[in-house]
2 protein chains.
Amino acid sequence: MIAKDIPDIVVSRLPRYLQTLEHMQKDGIRTTSSQELGDLIGISAAQIRKDLSQFGEFGKQGKGYSVDFLVDQLRQILNVNRSWDIVLVGAGNLGHAIANYQGFGNHGFSIVMIFDSDPALIGQKIGNLTVQDAAQMVDLVRASGIKVGMITVPAQAAQAVADELVKAGIQAILNYAPINLTVPEGVHVQHVDPIIYLQRMTYYLA
Amino acid sequence: MIAKDIPDIVVSRLPRYLQTLEHMQKDGIRTTSSQELGDLIGISAAQIRKDLSQFGEFGKQGKGYSVDFLVDQLRQILNVNRSWDIVLVGAGNLGHAIANYQGFGNHGFSIVMIFDSDPALIGQKIGNLTVQDAAQMVDLVRASGIKVGMITVPAQAAQAVADELVKAGIQAILNYAPINLTVPEGVHVQHVDPIIYLQRMTYYLA
DNA sequence: GCAATTTCGTGATAATTTGCACAACACTTC
DNA sequence: GAAGTGTTGTGCAAATTATCACGAAATTGC
Ligand SMILES: NC(=O)c1ccc[n+]([C@@H]2O[C@H](COP(=O)([O-])OP(=O)(O)OC[C@H]3O[C@@H](n4cnc5c(N)ncnc54)[C@H](O)[C@@H]3O)[C@@H](O)[C@H]2O)c1
Ligand SMILES: NC(=O)c1ccc[n+]([C@@H]2O[C@H](COP(=O)([O-])OP(=O)(O)OC[C@H]3O[C@@H](n4cnc5c(N)ncnc54)[C@H](O)[C@@H]3O)[C@@H](O)[C@H]2O)c1
């Protein structure tokens, strides 16, 4: 599913479609329409149709979309019809919560390595993984071929960790530290920062 | 600083500006330019100037922006030149990590109540807060006047919790559960979902 | 089997968002 | 105090994004 020229803003909506469709699937709904999906997500039916039409013709006039089929197609498009191994750096409070989180498995992701620099944490078990020494990260990650990383270290260490992840061959980073990461072209970063989301809302509060 | 008709997309960038400026402030930088700020964040200088000009004239030609002044202005615009009390619902793994997280305090937020429905957790201390019984949530939150809530319960409970928060007078919800919440007009929701961010990146991976 | 209904995919159109480029101003240097 | 440099704020143009609306296809009801 090679991307010719799909706008980023379209791609950014697809995971939301997939998530909603997977819920429908679990609820036993076999068929849906752009209208129904749009109502659930809160966007217009036309936008959903146009977004999907960028990738193919997935629906049937008069009938709508097969939920199963559309889930399958979206998984292919998003490259999650496989499992991506993930390396997690930072085994503190947040790192523990994420490592124990069972929600990744069904959606194409699996945390397979955890690193920390604190000797007190190295060797500790989290679930069925053992916290490893951050000093060995670059070598181990490079050898493993892992392409996706998560950063849950304090802000002042995050850029250095990102640099190492890049050195280790990581191409996508989910960053939980409240700081802007600078990475080479071709490396993708997404930033999860609750404060930014909260401030987006307080703007609208009296 | 209630402006007329600022596009949502502009508002959504302001917290990022504020965050970056606060870092500059901590680093002792007194003055900056739209160019410098843009380089750090990864957007164009013109966009930053245009965004800020929606709210006033904060810069000086030839000199740039005073970091302190701009931080102060952005805090006013975003309504975080005060502290917002927050109620957290769900004292599980993630709830614990968030409740223990020290990062909110400096940015206009403070978790002041935690609720859970699990009798084993009610009464437990997290930091200096005590987990309270979710059955009493509506009354206690309403009485407190809190306007901002966070949901860290399992997906299947999230909508019910959201409904209760709305009933309790909450106007802004930060939702960590991987499900789409339906709320009345006027209530703001932001969704934090790591899987969505990961999938946005794997699209671009080979 | 045919009319009515549903819903898709999409070209055309409208709206929004971004980028450009420059006058205006402020500071620096000599 | 004049020339030179830097940087803002903004009108306008360009690019991007969303919406509209309709033909075509599929289904339903009678
Ligand atoms: N806890 C939360 O709910 C939460 C929420 C949002 C954001 N964050 C952010 O996530 C990050 C972690 O938060 P936390 O509460 O888990 O902090 P924490 O202090 O509990 O954990 C940080 C961990 O990172 C490790 N570390 C530090 N430098 C390292 C390095 N160079 N290499 C490897 N490991 C290193 C530390 O040893 C520690 O175990 C912070 O940046 C925080 O701002 C946390
Ligand atoms: N842990 C993570 O890293 C992580 C990451 C992303 C998203 N999430 C999401 O966050 C949510 C919580 O994850 P977790 O790992 O902390 O789960 P968890 O099971 O550890 O915690 C959930 C808590 O919610 C409580 N709860 C359930 N129903 C409730 C109700 N009606 N009212 C009040 N409390 C109720 C439970 O008693 C439990 O303590 C889930 O929706 C999960 O998908 C978690």
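Chain naming here is simple, since letters A, B, ... match the order of the sequence lines and numbering starts at 1 in each.
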Between atom [atom1] in [X] and atom [atom2] in [N], what is the gap in whole Å?
| X | N | atom1 | atom2 | result |
| --- | --- | --- | --- | --- |
| B:Gln35 | C:dC20 | CD | C1' | 14 Å |
| A:Phe55 | C:dT10 | CZ | P | 13 Å |
| B:Ile41 | C:dT18 | CD1 | P | 14 Å |
| A:Glu36 | C:dT7 | CD | P | 9 Å |
| A:Gln47 | C:dA15 | CD | P | 16 Å |
| B:Gln61 | C:dA21 | CD | C1' | 15 Å |
| A:Ile9 | C:dT18 | CD1 | C1' | 12 Å |

Report the C-alpha separation of B:Leu198 and A:Ile86 in whole Å, then their side-chain angles, then the decisive distance to 0.1 Å, and conclude whether the side chain to side chain contact (heavy atoms under 4.5 Å, CB included) test is met. CA-CA 10 Å; B:Leu198 290 169; A:Ile86 296 185; 3.9 Å; yes
Span of DNA chain D in contact with chain B (heavy atoms, under 4.0 Å): D:dG6 to D:dC12
Residue pair B:Ile6, B:Phe55: steps toward the side chain to side chain contact (heavy atoms under 4.5 Å, CB included) verdict: CA-CA 9 Å; B:Ile6 312 291; B:Phe55 300 94; 3.6 Å; yes
Walking DNA chain D from its 5' end, the first of A:Lys50 and A:Lys60 to be reached, judged by nearest nucleotide, is A:Lys50
Is the distance from OP1 or OP2 of [N] to the nearest side-chain N or O of [X] less than 4.0 Å?
| X | N | answer |
| --- | --- | --- |
| A:Ser34 | C:dC8 | yes |
| B:Arg49 | C:dT18 | no |
| B:Ser44 | C:dT18 | no |

Tell me which donor-acceptor pairs under 3.5 Å the side chains of residues 176-191 of chain A have, and how far apart each pair is, sequence neighbours excluded?
unit_1   : atom_1 : unit_2   : atom_2 : d
A:Asn180 : OD1    : B:Arg16  : NH2    : 3.3
A:His191 : NE2    : A:Ala177 : O      : 3.0

From C:dT18, C:dC27, C:dT10, pick the nucleotide closest to the side chain of B:Lys63? C:dC27
Have a look at A:Leu52 and say if it touches a base, only the backbone sugar-phosphate, or nothing, with a 4.0 Å heavy-atom cut-off. nothing
Hey, is the main chain of B:Leu121 close enough, under 3.5 Å, to the side chain of B:Asp116 for a donor-acceptor pair? no
Taking atom types as modelled, is there a side-chain donor on A:Gln47 or A:Asp51 under 3.5 Å from an acceptor on the other? no
I'd like to know whether B:Leu52 forms a side chain to side chain contact (heavy atoms under 4.5 Å, CB included) with B:Leu70, so could you lay out the CA-CA distance, the side-chain angles of the two residues, the decisive distance to 0.1 Å, and finally the verdict. CA-CA 9 Å; B:Leu52 294 176; B:Leu70 198 46; 4.0 Å; yes
Only pairs under 3.5 Å count here: list side-chain donor-acceptor contacts from residues 143-155 of chain A, not counting sequence neighbours, and write none if there are none.
unit_1   : atom_1 : unit_2   : atom_2 : d
A:Ser144 : OG     : A:Val141 : O      : 2.6
A:Ser144 : OG     : A:Ile146 : N      : 3.2
A:Lys147 : NZ     : A:Gly145 : O      : 3.3
A:Thr152 : OG1    : A:Val89  : O      : 3.1
A:Thr152 : OG1    : A:Gly90  : O      : 2.6

